[in-house]
There are 2 protein chains.
Amino acid sequence: MGRPPTLEDVARVAGVSRATVSRVINGTRNVDPAIQETVRAAVRTTGYAPNSAARSLVTRRTGAVGLVISGAGEGGDEAAYRRYVFSDPFFGRVVDGVMGALRPRGMHPMLMLAETADAREQVVAHLRQGIADGALLVSTHGEDPLPGMLTSAGVATVLFARPARPVPAGYVDLAHRDGARLAAEHLLARGCRRPVTICGPLDVLAGQERLDGFNQAMARHGHAYVPCAEGNFTASAGEQSMTRLLREHPDLDGVFAANDLMARAAVQVLREQGRRVPQDVAVVGFDDSSAATATRPELTTVRQPVEEMAGEMVRLLLTALESPEAPPESVIFEPDLVVRESA
Amino acid sequence: MGRPPTLEDVARVAGVSRATVSRVINGTRNVDPAIQETVRAAVRTTGYAPNSAARSLVTRRTGAVGLVISGAGEGGDEAAYRRYVFSDPFFGRVVDGVMGALRPRGMHPMLMLAETADAREQVVAHLRQGIADGALLVSTHGEDPLPGMLTSAGVATVLFARPARPVPAGYVDLAHRDGARLAAEHLLARGCRRPVTICGPLDVLAGQERLDGFNQAMARHGHAYVPCAEGNFTASAGEQSMTRLLREHPDLDGVFAANDLMARAAVQVLREQGRRVPQDVAVVGFDDSSAATATRPELTTVRQPVEEMAGEMVRLLLTALESPEAPPESVIFEPDLVVRESA
DNA sequence: GCGCAACGGGAGAGCGCTCTCCCGCTCTCC
DNA sequence: GGAGAGCGGGAGAGCGCTCTCCCGTTGCGC
């Protein structure tokens, strides 16, 4: 009794064929109710659990999907990158959304980090071996080669955010420009006269578009030029940018930060410098992450429905898996403005 | 050419047997260098990638380990629980440490959440089917039945934190009492006279031990009774607890919070109430998570080397996998005090 | 020169499952 | 009453890989 029971064992105990046991377990075809019960009893007494490797060998499905976080070109500090990834609430939300959509289907996400060229090769190699049924890819950098590598390796892939260069893979994304416009109009409506912005990294499309959208909306209302400091979506970048903007534009009265982490840092800097938020300076963030409600005052922010977007990624991947020949689908989500206390 | 190339195809192209190709790919035995090159060339021209399902079927190894986050008994709000898990930096650190140790071995973590009885059954069922080689389990609640379920299902398991009731599984843990003592002595050394503590949930061993260690150390120095408010390791709990302690003990001059998230919230409350940190009130946290350095002033805290502990879990699991009959091993880590600005 | 390792390669038996056939039976309909 | 459809079950062929045997070839010591 050393080895775990197999279908064969269950069949012998139940006095039926392997095929019948398989049918009962998978519910693939009608089986006589009495026999079904016999089989189920045999499964119970033997303590049988189907071997998933054997199953995937023939079904060509593993029930796993690779959840790949990719970014940081060469020369970056990998450890720092990992620290960034695991501390940014954004990725937790992605995982949450992915798991929520996977779970009812009995599937699981397999975490993969691709922060170096080597790691990327590894990820592609493993995925090509069929370790997972497909890949959900979140790139944190603009010119990530991974989407292209994955698709040309024949791995079913769905991306978070439209890739910089077109790739035959579906994606979900947010209408960043609209979100930034919402932020701009809200600041203006509150009477903000001297807005500034802490924008995201400009080599990332999302960073670019949030800045564009904000600037365009501001321009439409007579603010042709809005001072801007670039940050890389981290708290310390937000701190530095806010400090600089404050020094160069001491009369600023409104800040739009391209994500909540930077907005939060901006609020901290402002308060340390004696500015009241929102009375002296209004601050609007982006994402509506947990950082938004953890900040005092709570952040007014542009909501990006990350969990739903991640869930949609799963759905897109699953349909791509079902009909591999169909052209990739994509979905763009619309942001909302969530008004709280900071603006 | 529809189906992906198999070993057989490579063997045909290279003009050798399947076995030889397998040997070259896995480097299992000496193979004539010339033949090796031929085989490698054939692999390249065919674009061959070994099928991992077929491989695991015979090797009985998947290269995946389940990373299970478990907790929240019945009746809990699952969505809220997930939000908690994914926003607490602690779990990110666990994932980071696990991936760091798994990666050089070409393995991957498979994320599994077990926040309800159903989910627990699912997790056990999947793991029994061999979807992963073993499980790394992080329980957030004391009386979690999952460790027992897993071990009696024959799943190789390593736990983060010693389980409430003994289970035949290895674990890693921290000397929580020592850490709390460090915090107490530091507060005392700074001249703190009226300490209070925001302790963790008392149904979790870590919460209990941190409180005990703190109280014992305080008692040794003449503070027989230290006011305490219980929190569940979240920021909002920290906020409420601090507010209450401040109301009931307005003259407090030192706070020990059982984790950084609560310490951070405590700092915020204190400052909002006009107390200066650390001049009026010293605050010590626990964990040394990213929250510690994101707080202003930066948190003095007891360092829990979560990443290393998680890496050790992987190592323990791997050795358990190698020698299934050996008794489970465990490792206890020692905490350090990290002195920053808040105390 | 002979025996014996040791080496390098091939053949083939599974690993445990699914799924396509195929077959016998019953039921219906004319 | 007979034909045809449909249902429920079994037999068996793989899925693609690893690994144990087995065998021919060298190399070396005596």
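- Looking at B/Arg40 and B/Val24, their side chains come closer than 4.5 Å, going by heavy atoms from C-beta outward.
- Considering all non-hydrogen atoms of both residues, B/Tyr48 and B/Pro5 come closest at CD1-O, 3.3 Å.
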Would B/Glu115 and A/Arg103 satisfy salt bridge (charged side-chain N to carboxylate O under 4.0 Å, His left out), going step by step from the backbone distance to the final call?
CA-CA 12 Å; B/Glu115 72 277 53; A/Arg103 165 114 51 133; 3.0 Å; yes
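- Residue B/Thr20 has a polar side-chain atom (N or O) positioned under 4.0 Å from OP1 or OP2 of C/dG10.
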Could you pull out all donor-acceptor pairs under 3.5 Å where a side-chain atom in residues 312-322 of chain B meets a protein atom, sequence neighbours excluded?
residue  : atom : partner  : partner atom : Å
B/Glu312 : OE1  : B/Arg315 : NH1          : 2.7
B/Arg315 : NH2  : B/Gly311 : O            : 3.4
B/Thr319 : OG1  : B/Leu316 : O            : 3.0

Just list the side-chain donor-acceptor pairs under 3.5 Å for residues 149-161 of chain A, sequence neighbours left out, or say none.
residue  : atom : partner  : partner atom : Å
A/Thr151 : OG1  : A/Pro147 : O            : 3.1
A/Thr151 : OG1  : A/Gly148 : O            : 3.1
A/Ser152 : OG   : A/Gly148 : O            : 2.9
A/Ser152 : OG   : A/Met149 : O            : 3.4
A/Thr157 : OG1  : A/Val155 : O            : 2.8

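- A side-chain contact (heavy atoms from CB on, under 4.5 Å) with B/Arg162 is found for exactly one of B/Val167, B/Val172, B/Asp173, namely B/Asp173.
- Residue B/Val21 is the one, among B/Leu57 and B/Val21, whose nearest nucleotide of DNA chain C lies closer to the 5' end (criterion: closest heavy atom).
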Are A/Asp9 and A/Arg3 close enough, and set up right, to give a salt bridge (charged side-chain N to carboxylate O under 4.0 Å, His left out), and what steps lead you there?
CA-CA 11 Å; A/Asp9 298 325; A/Arg3 70 166 189 10; 3.2 Å; yes
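- Ring geometry, A/His141 versus A/Tyr81: the interplanar angle falls from 30° to 60°, so the pair is classed tilted.
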Contact state string [nucleotides 17-28 of chain D, B base, S sugar-phosphate only, - no protein heavy atom under 4.0 Å]
BBBBB-------
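- Two end axes, each from the C1' atoms of five base pairs, can be drawn for the helix from C/dG1-D/dC30 to C/dC30-D/dG1; they diverge by 40°, to 10 degrees.
- Between B/Gly47 and A/Arg128, the closest heavy-atom pair is O-NH2, 3.1 Å.
- For D/dG16, one of the phosphate oxygens OP1 or OP2 lies less than 4.0 angstrom from a side-chain nitrogen or oxygen of A/Arg60.
- Of the possible donor and acceptor atoms, none in the side chain of A/Ser56 sits under 3.5 Å from a partner among the backbone N and O of A/Thr62.
- Listed here is the closest heavy atom pair of A/Pro305 and A/Phe333: CG-CD2, 3.9 Å.
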Pairs under 3.5 angstrom, nitrogen or oxygen only, protein versus nucleotides 5-7 of chain D, please.
none

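- B/Thr140 contributes a side-chain N or O that, together with a main-chain N or O of B/Ser70, makes up a donor-acceptor pair within less than 3.5 Å.
- Residues from residues 122-135 of chain A that place a heavy atom under 4.0 Å from any atom of DNA chain D: there are none.
- For B/Gln129 against A/Pro50, the heavy-atom pair with the smallest separation is CB-O, 3.2 Å.
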